[in-house]
2 protein chains.
Amino acid sequence: MISIVVENYLKTILKTEDQSRKASTSNIARDLSVADATVTDMFQKLQKAGLLEYKPYYGATLTKQGRMIALKILRRHRLIELFLQKVLGYGWAEVHEEAEKLEHAVSELFVERLDQLLNFPVKDPHGEVIPDAQGFRATLEDICLAEAKPGEYTLRRVTSGDPEFLSYLEREGLVPSNRFSLVEKLPFQGPLKIMLKSSEAPRFIGLEAARKVYVTPTPPLAEGRRKAADHPPARGRRKAVGRRQLAEIERRDTLLSTRHEFARASQHPA
Amino acid sequence: MISIVVENYLKTILKTEDQSRKASTSNIARDLSVADATVTDMFQKLQKAGLLEYKPYYGATLTKQGRMIALKILRRHRLIELFLQKVLGYGWAEVHEEAEKLEHAVSELFVERLDQLLNFPVKDPHGEVIPDAQGFRATLEDICLAEAKPGEYTLRRVTSGDPEFLSYLEREGLVPSNRFSLVEKLPFQGPLKIMLKSSEAPRFIGLEAARKVYVTPTPPLAEGRRKAADHPPARGRRKAVGRRQLAEIERRDTLLSTRHEFARASQHPA
DNA sequence: TTTTTATATTAGTCTTATCTAAAAATTGAT
DNA sequence: ATCAATTTTTAGATAAGACTAATATAAAAA
Ligand SMILES: [Mn+2]
Ligand SMILES: [Mn+2]
Ligand SMILES: [Mn+2]
Ligand SMILES: [Mn+2]
């Protein structure tokens, strides 16, 4: 049986690979708040178990099997976050911590029922894509705010679970699907001057914060690019069956320019 | 921090005390499917931690502190079971196993939100009382079917989490609030002949099964006995606030003759 | 290319939770 | 009250996960 600890290792490695950071023992150790030596040890065990490839001194990469498990946990995590927000009224900043524990405790049945209840959602409260039951993920076409040029943007995604940080962003009005102008980037690694569409007060966001925020230009790119890709891909039967009275959940984020990607063999399960 | 394992020990001891069985090492070992020696060891640790009193060779009793923790887990377990049934559409027989894991993973916040969402329920899907946030429990006035005399009864409670057994009872129509007649008890530890109010076919229920089923006479006892005790006790504010659109959950089991009991110092928290 | 610095691995220890086998205490039956 | 049967406890081992300190390797500087 795969322990909670192993699930967390695999998920962390997956996220590290997604960011194209190297899954070195030190990187993973920092993310998991354990000693480097602990990770070395675990990498050896996980390799023996066939969940990752590991070359001493060169870090690890997930095997297909390891990746599938990681994707399963990631799916759970994100569905649970959305559930906490939509059904139990959790705040944006509160969902991550709770999901971090629940993701290891729920059954397959629970996850699939959640998926139904939430009407097969595509994104979690932070704008992150929810993998489907087979481990497929839509691909986000957003860019990092820290690298964006001045212009009009819609906020798409925030890559952090830190409650302090998320509360801060919320206070600044920086939540997914909100629009703003990036007025300028101040020199010498300075903050970004932005202007929310709703209010008129200009705000300044530090570069470190901006690195965790992803956006798309507003208005969207030429019509040509928006073909079928714009709607969430049909996956499985989406019968009215079981869709309970949580109508407000419906507002599927169709604004988002996502594209379903079956490609990338390494990412493709089985 | 209290581990999952410790939580399970405490909950199991509480349930054992509730049934006025002795919390001997062997009883607890059987319930938890571990070796007797393991329990001896754990009892010693738990005593050192102040969670129970333990006299070698004479079994354990929970301290106030241990009892409070056990009641907290029991509350979680039962609220989660009801949630699984009412919100995620789990079957009667499926809820226990899932709750057994989730009870160790959810936060206080989660539990209180569930309580709101379910509109402060009093009983779980098996008819067991849900302790309130302070650990108080309504007292059930039901009797064991195995000891009942022929007559008219309403089923109130089933003390089992075993899916096989629960599915069996469900097929036989023996679920909480269903009515039936106990026609006779066959001699020599024989089965009970019962007749459901709805259908006409007589059914036979083994004595072992009957021991896990609790009932109250139908119609209820003289009007005199039914005073204020009949409605679920006011606990905390029960504002309309937060009561979401799960109207079907409303049907609070007011039929049940429960009585709120603040008494029993040993059971009274703090 | 050698030396220094940063990173990673190995070795040895600890804690929690579990087991089996042997010894001790209690219970029940003469 | 004594002996036999049952139950419980002690002792010794194991496995997972983690830590610290010491050692080895790789990368960067000189
Ligand atoms: Mn998260
Ligand atoms: Mn986690
Ligand atoms: Mn249960
Ligand atoms: Mn449990």
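Just so we're clear, the structure is a prediction, and the values are computed from it rather than from any experiment. Chain letters run A, B, ... following the sequence lines, proteins first and then strands; every chain starts at 1.
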Colleague: Measure from the side-chain heavy atoms of B:S26 and tell me the nearest of D:dA18, D:dT7, C:dT27.
Modeller: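 Of D:dA18, D:dT7, C:dT27, D:dT7 is nearest to the side chain of B:S26.
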Colleague: Rounded to whole Å, how long is the line connecting atom NZ of B:K22 with atom C1' of D:dT6?
Modeller: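 Result: 12 Å.
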Colleague: Roughly how many Å is it from CG in A:D41 to P in C:dT13, rounded to a whole number?
Modeller: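 These atoms are roughly 15 Å apart.
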Colleague: Does any N or O in the side chain of A:R75 come within less than 3.5 Å of the main-chain N or O of A:P131, such that one atom is a donor and the other an acceptor?
Modeller: yes
Colleague: Could you check how far CG of A:D36 sits from P of D:dA18, rounded to whole Å?
Modeller: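 After rounding, the reported distance stands at 13 Å.
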Colleague: Report yes if a side-chain nitrogen or oxygen of B:S3 is closer than 4.0 Å to either non-bridging phosphate oxygen (OP1 or OP2) of C:dA17; otherwise report no.
Modeller: yes
Colleague: Check every atom of D:dT20, D:dA26, D:dA18 against the side chain of A:A37 and return the nucleotide holding the closest atom.
Modeller: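 The listed nucleotide nearest to A:A37's side chain is D:dT20.
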Colleague: Hey, mind stepping through A:D124 and A:H77 against side chain to side chain donor-acceptor pair (under 3.5 Å) and telling me if it holds?
Modeller: CA-CA 9 Å; A:D124 81 4; A:H77 181 97; 5.7 Å; no
Colleague: What is the distance, rounded to the nearest whole Å, between atom CG of A:L10 and atom C1' of D:dG17?
Modeller: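 One finds 15 Å between C1' of D:dG17 and CG of A:L10, rounded.
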Colleague: Could you point out which residue of A:L52, A:L51, A:L46, A:I4 forms a side chain to side chain contact (heavy atoms under 4.5 Å, CB included) with A:Y9?
Modeller: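 Going through A:L52, A:L51, A:L46, A:I4 one by one, the side chain to side chain contact (heavy atoms under 4.5 Å, CB included) with A:Y9 is satisfied by A:L46 alone.
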Colleague: So, for A:R156 and A:P176, which heavy atoms are closest and what is the spacing to 0.1 Å?
Modeller: O-CB, 4.0 Å
Colleague: Taking the side chain of A:V34 as its heavy atoms from C-beta onward, which of C:dT18, D:dA18, C:dA8 lies nearest to it?
Modeller: D:dA18
Colleague: Could you give the OH-to-P distance, from A:Y57 to D:dA27, as a whole number of Å?
Modeller: 11 Å
Colleague: Does OP1 or OP2 of D:dC19 have a side-chain N or O of A:T38 closer than 4.0 Å?
Modeller: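 For D:dC19, OP1/OP2 do have a side-chain N/O of A:T38 under 4.0 Å.
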Colleague: In whole angstrom, what separates A:R30's CZ from D:dA18's P?
Modeller: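 Interatomic distance, CZ of A:R30 to P of D:dA18: 17 Å.
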Colleague: For B:P56 and A:K45, take the nucleotide of DNA chain D holding the closest heavy atom to each; which residue's nucleotide lies nearer the 5' end?
Modeller: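 The residue closer to the strand's 5' end, by nearest nucleotide, is B:P56.
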Colleague: Is the phosphate of C:dT9 approached by A:T40 (side-chain N or O, under 4.0 Å from OP1 or OP2)?
Modeller: yes
Colleague: Checking the side chain of A:T63 only, and the main-chain atoms of A:G50 only, is there a donor and an acceptor separated by less than 3.5 Å?
Modeller: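 Here the side-chain-to-backbone pair exists.
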Colleague: Figure out the NZ/P separation between A:K48 and D:dA16, and round it to whole Å.
Modeller: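 Interatomic distance, NZ of A:K48 to P of D:dA16: 11 Å.
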Colleague: D:dA16 phosphate, OP1 or OP2: any side-chain N/O from A:Y9 under 4.0 angstrom?
Modeller: no
Colleague: To the nearest 10 degrees, how far apart in direction are the end axes of the helix from C:dT1-D:dA30 to C:dT30-D:dA1, each fit to five base pairs?
Modeller: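 Inter-axis angle at the ends, rounded: 10°.
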Colleague: How many Å lie between CG on A:N8 and C1' on D:dA18, as a whole number?
Modeller: 14 Å
Colleague: Out of A:F165, A:Y214, A:W92, which one pairs with A:H126 under the ring-ring contact (aromatic ring centres under 6.0 Å, His included) rule?
Modeller: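 That would be A:W92.
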Colleague: Just by modelled atom types, is the A:L82 backbone N or O under 3.5 Å from a matching donor or acceptor in the A:K123 side chain?
Modeller: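 Side chain of A:K123 to backbone of A:L82: no pair is present.
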Colleague: Could you tell me whether the phosphate oxygens of C:dT7, OP1 or OP2, come under 4.0 Å of any side-chain nitrogen or oxygen in A:S24?
Modeller: no
